[in-house]
J.: 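First the structure, which I've put down as structure tokens, then a few questions once you've had a look.
Because the structure is a prediction, the values reported are computed rather than measured. Side-chain atoms are counted along with the backbone in the values below, which use heavy atoms only and exclude waters and symmetry mates.
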Amino acid sequence: MKKVFALVDCNNFYVSCERVFNPSLEREPVAVLSNNDGCVVARSNEVKAIGVKMGVPVFKVRDLVAAYGVQIYSSNYTLYGDMSRRVMRTLSQFSPEMEVYSIDEAFLDLSGFAGRNLTEYGRLIHDTVRRWTGIPVSVGIGRTKTLAKVANHIAKKSSRAGGVLDLTDSPYLGHALESMRVIDVWGVGPGFAKKLRNCGIETARQLRDADDKWILKTLGVVGLRSVYELRERVCYGLETCPPVNKGIASTRSFGKPVESLEQLSESVASYTCRAAEKLRRQNLAAGVITVFVMTNLFSDKQRRYFNSETVELPVATSDTSELLNYALAAVRKIYRKGYRFKKAGVLLDSLVDQHKVQGNLFDSVDRSRSRKIMQVFDRINSLMEPDTIRYPAIGLGQPWKTRFQRRSPRYTTRWDELLSVRAV
DNA sequence: TCTGGGGTCCTAGGACCC
DNA sequence: TCTGGGGTCCTAGGACCC
């Protein structure tokens, strides 16, 4: 049976989340910033129209922001994560097989619906998500994931499509590919696009029709797969259960530069706690921990420094206090006086199933006891607020904490931040 | 002054082994 | 004088994604 994939993608997702709870932002220019209020990571159509590019540092567009009265918000991941769950729950009703691809996108397997009018079905999905969650989405339908992406891209831009486009067995497919720049094809980034442009390949259609051997030589097997997918040959199936993580990272920029070992250690301790929580949520244990610290690498004026330390653990663990010991020893080792640190992070690798940890003859830790302690620890923090119980190593004042100066309320997950409505 | 965070996969080259 | 070849594993770096 020939496959049919749909890609459902939330429009300007973070901005749309803000608008659901603050309708006065509708039709206003709105942008949402990355961590530490650094870069623009979500833009309303009005902001796109005035030329603010994705990922630009906000200080570089300050004039545009002022001139057009752009409303700026910090990231509110608690809110976006919760809204994402609502959207995904809604989508799951429309297909037996779904892959949650990112916080704002999901692929649906619609192969079983091939006899129906897929555009109408896409319209139903589109309208239902809007009605049930308030979030506007676009629906693209194609014979491969890459073509569903193509359809989605056009659905989002074309006013005629109205947010839904079906490109399965469509006489319009060739034209659609011709209208699409090669850089907008899923799997083609700036590096590939440059190589292609140098050889005169500008559109998705030219890429589809390129010579296999040449593609393999120039872009490798990854590039060739994308080309096959443009030709309706499925290379990427639906991944319905999320694969187990191979690594876990927790890294952050500081709200203001850190110079002392004490504060640097506090931040690393705090990132270690977060990484360890992620580890336990997936029932994993880490065999390797890496700590890195760095100054501002953009600045030419300040002295720059980057260093990292990797430690192989004698026995893989998910115990926070054990990981803290290694992390804090590592940060002491790579800390240098006299630098203004801007960022630090903790990476956990060699992850294994917590219940299949290879023991060590000289291991002196009571692991079943430590596991029980961590279970209670996580339970309390999930029932109460995060960090209700915490390790003293993460400090109290945390002056280095990442900036979120313009964050909206966490409307859907905190009683004290509920939306209030007044009837007049 | 001010530049995010968290992932995946592939490949080339070196080390090592027989 | 004549100095192999093939396989595996690991790592760093580069590409991509959101």
Side-chain angles (χ1 to χ4, degrees), chain A residues 7-10 12-14 31-42 52-63 65 72-77 80-81 84 99-107 145-146 149 152-153 182-196 215-226 229 235-236 239 242-257 271 274-275 278-279 282 288 290 292 294-302 304 308 310 312 340 342-351 402-406:
Chain A
L7 174 67
V8 184
D9 184 319
C10 302
N12 316 331
F13 180 55
Y14 295 172
V32 176
L33 305 183
S34 63
N35 276 339
N36 221 25
D37 295 343
C39 301
V40 174
V41 293
V52 174
K53 298 270 180 272
M54 176 68 178
V56 69
V58 68
F59 73 84
K60 287 192 176 172
V61 288
R62 200 174 318 115
D63 292 348
V65 166
I72 300 282
Y73 284 84
S74 303
S75 285
N76 185 344
Y77 293 114
Y80 309 152
S84 172
E99 172 184 345
V100 176
Y101 179 66
S102 73
I103 192 165
D104 69 337
E105 285 173 67
F107 287 103
K145 283 179 159 181
T146 305
K149 277 268 187 185
N152 190 288
H153 182 84
V182 93
I183 182 81
D184 294 324
V185 173
W186 193 44
V188 177
F192 285 5
K194 192 172 173 196
K195 285 183 185 175
L196 291 168
I215 289 291
L216 182 62
K217 203 175 72 202
T218 319
L219 308 183
V221 298
V222 181
L224 189 56
R225 275 182 210 140
S226 292
E229 286 239 319
C235 296
Y236 302 106
E239 290 175 21
V244 182
N245 267 51
K246 304 210 159 125
I248 284 175
S250 179
T251 73
R252 288 280 178 286
S253 301
F254 302 135
K256 46 181 149 179
Y271 305 153
R274 289 202 62 244
K278 286 193 216 171
L279 202 55
Q282 300 182 64
V288 171
T290 300
F292 74 83
M294 60 195 263
T295 58
N296 187 345
L297 300 183
F298 291 104
S299 163
D300 319 314
K301 293 176 205 127
Q302 293 175 31
R304 295 191 219 176
S308 69
T310 298
E312 271 184 55
R340 290 159 63 82
K342 193 70 182 80
K343 182 174 178 177
V346 173
L347 315 166
L348 302 175
D349 285 295
S350 297
L351 307 186
T402 307
R403 255 195 315 263
F404 293 95
Q405 270 169 353
R406 322 190 62 133

J.: Residues two or more places apart in sequence or in another chain: which of them pass ring pair (Phe, Tyr, Trp, His ring centres under 6.0 Å) with A/F107?
T.: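 Applying ring pair (Phe, Tyr, Trp, His ring centres under 6.0 Å) to A/F107 gives A/Y101, A/W186.
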J.: Residues in salt bridge (charged side-chain N to carboxylate O under 4.0 Å, His left out) with A/D349, at least two apart?
T.: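 A/D349 satisfies salt bridge (charged side-chain N to carboxylate O under 4.0 Å, His left out) with no other residue.
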J.: CE of A/M294 versus C1' of B/dG4: gap in Å, rounded?
T.: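 One finds 11 Å between C1' of B/dG4 and CE of A/M294, rounded.
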J.: Taking only the P atom of each, what is the distance from C/dC18 to B/dT3 in whole angstrom?
T.: 25 Å
J.: I need the NZ-P distance between A/K342 and B/dT1, as an integer number of Å.
T.: 13 Å
J.: Just the rounded figure in Å: distance from P of C/dC17 to CD of A/E105.
T.: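 So the CD-P distance, A/E105 to C/dC17, works out to 11 Å.
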J.: For every nucleotide of nucleotides 5-12 of chain B, 5' to 3': is a protein heavy atom under 4.0 Å from its base (B), only from its sugar-phosphate (S), or from neither (-)?
T.: SSSSSSS-
J.: Could you check whether A/V185 gets within reach of a base, just the sugar-phosphate, or nothing at all, counting any heavy atom under 4.0 Å?
T.: sugar-phosphate
J.: Reckon A/K149 touches a base, only the sugar-phosphate, or nothing at all at heavy-atom distances under 4.0 Å?
T.: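 Sugar-phosphate only.
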J.: Are A/N36 and A/T402 close enough that a side-chain donor and a side-chain acceptor fall under 3.5 Å?
T.: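 No.
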J.: Side chains of A/F404 and A/N35: closer than 4.5 Å at any heavy-atom pair?
T.: yes
J.: Using salt bridge (charged side-chain N to carboxylate O under 4.0 Å, His left out) as the criterion, list what pairs up with A/D63, not counting sequence neighbours.
T.: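 Once residues adjacent in sequence are excluded, A/D63 has no partner under the salt bridge (charged side-chain N to carboxylate O under 4.0 Å, His left out) criterion.
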J.: Check the distance between B/dG4's P and A/M54's CE and give it to me in whole angstrom.
T.: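 Between P of B/dG4 and CE of A/M54: 12 Å.
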J.: Between C/dC18 atom P and A/I183 atom CD1, what is the distance in whole Å?
T.: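 These atoms are roughly 11 Å apart.
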J.: Report yes if at least one side-chain N or O of A/K194 is closer than 4.0 Å to OP1 or OP2 of C/dG14; otherwise report no.
T.: no
J.: Could you write out DNA chain C as dot-bracket? Rules: Watson-Crick or G-U wobble, both distances under 3.5 Å, brackets [ ] for crossings, | for pairs with another strand, dot for unpaired.
T.: ....||||||||||||||
J.: Applying side chain to side chain contact (heavy atoms under 4.5 Å, CB included), name anything that partners A/V56, two or more places apart in sequence or on another chain.
T.: A/V40, A/V52, A/K60, A/V61
J.: My understanding is that only residues two or more places apart in sequence, or in another chain, count here; which of them pass salt bridge (charged side-chain N to carboxylate O under 4.0 Å, His left out) with A/R62?
T.: none
J.: Within this structure, what is the CD1-to-P distance between A/I215 and C/dC16, rounded to whole angstrom?
T.: 13 Å
J.: Can you name the ring pair (Phe, Tyr, Trp, His ring centres under 6.0 Å) partners of A/Y73, sequence neighbours left out?
T.: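 Not a single residue meets the ring pair (Phe, Tyr, Trp, His ring centres under 6.0 Å) criterion with A/Y73.
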J.: Measure from CG on A/N296 to P on B/dC2 and round the result to the nearest Å.
T.: 6 Å
J.: From C-beta outward on A/F192, which listed nucleotide comes closest to its side chain: C/dC16, C/dC18, B/dG4?
T.: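 So the nucleotide nearest the side chain must be C/dC16.
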J.: Whole Å only: how far is the CZ atom of A/R62 from the C1' atom of B/dT1?
T.: 9 Å
J.: Heavy atoms under 4.0 Å, any strand shown: does A/V188 hit a base, just sugar-phosphate, or nothing?
T.: sugar-phosphate
J.: Can you sort out the partners of A/E312 under side chain to side chain contact (heavy atoms under 4.5 Å, CB included), two or more places apart, ordered by chain and number?
T.: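 Scan of A/E312 (side chain to side chain contact (heavy atoms under 4.5 Å, CB included), adjacent residues dropped) gives A/V288.
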